[in-house]
Amino acid sequence: MSGGNAIRGTRVGAGPMGESERGETAARLHIPYYCTNGHVTTPSFAADAEIPDSWDCPRCGLPGGQDNTNPPAAPRTEPYKTHLAYVKERRSDADGAAILEEALGRLRASREL
Ligand SMILES: [Zn+2]
């Protein structure tokens with residue numbers, strides 16, 4: 001295994017959302033978002049669209065804010081988590097043990113019938 005290239009497919013020159021520049025008949029707002037790593041993302045929104053307070057940086061995945069002097073702090077945990085990681089986070093080990101015990105008990109009971 002080479003494992004040399006850790007850069008995930010970022011393309012220079014593509015629009016923030018990959019949209020084309022043509023056909024912008026409606027007024028668009030280009031709102032810059034700044035992430036804590038110094039990346040700037042400038043997604044465009046319809047003039048009557050609701051502008052979100054934060055925008056995930058397409059380059060590093062961290063949330064970006066509209067204030068370039070005070071970008072949102074990076075979350076303590078990885079931005080990309082599996083569903084299982086979320087489930088594990090929500091349940092304490094004790095809860096998990098209790099749930100497992102209950103399930104095993106039900107399984108044993110059904111087998112004894
Ligand atoms: Zn970034």
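As the structure is a computational prediction, the values presented were derived from the model and not from experiment. Indexing begins at 1, ligand by ligand and atom by atom, following the structure's order.
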Could you measure the distance from the [atom1] atom of [X] to the [atom2] atom of [Y]? Nearest 0.5 Å is fine.
X     : Y     : atom1 : atom2 : value
Glu50 : Phe45 : CD    : CZ    : 10.5 Å
Ile51 : Leu29 : CD1   : CG    : 5.0 Å
Tyr33 : Cys57 : OH    : SG    : 13.0 Å

(Q) Could you work out, with side-chain hydrogen bond (donor to acceptor under 3.5 Å, both in side chains) as the rule, every residue matching Asn37, not counting sequence neighbours? (A) none
Q) Among all residues two or more places apart in sequence or in another chain, which pass the side-chain hydrogen bond (donor to acceptor under 3.5 Å, both in side chains) test with Glu101? A) none
Q. What protein N/O/S atoms lie closer than 2.8 Å to the Zn ion (ligand 1)?
A. Cys35 SG, His39 ND1, Cys57 SG, Cys60 SG
**Q.** Other cluster members, Val40 - Ile/Leu/Val/Met/Phe/Trp/Tyr, side-chain contacts below 4.5 Å
**A.** Tyr34
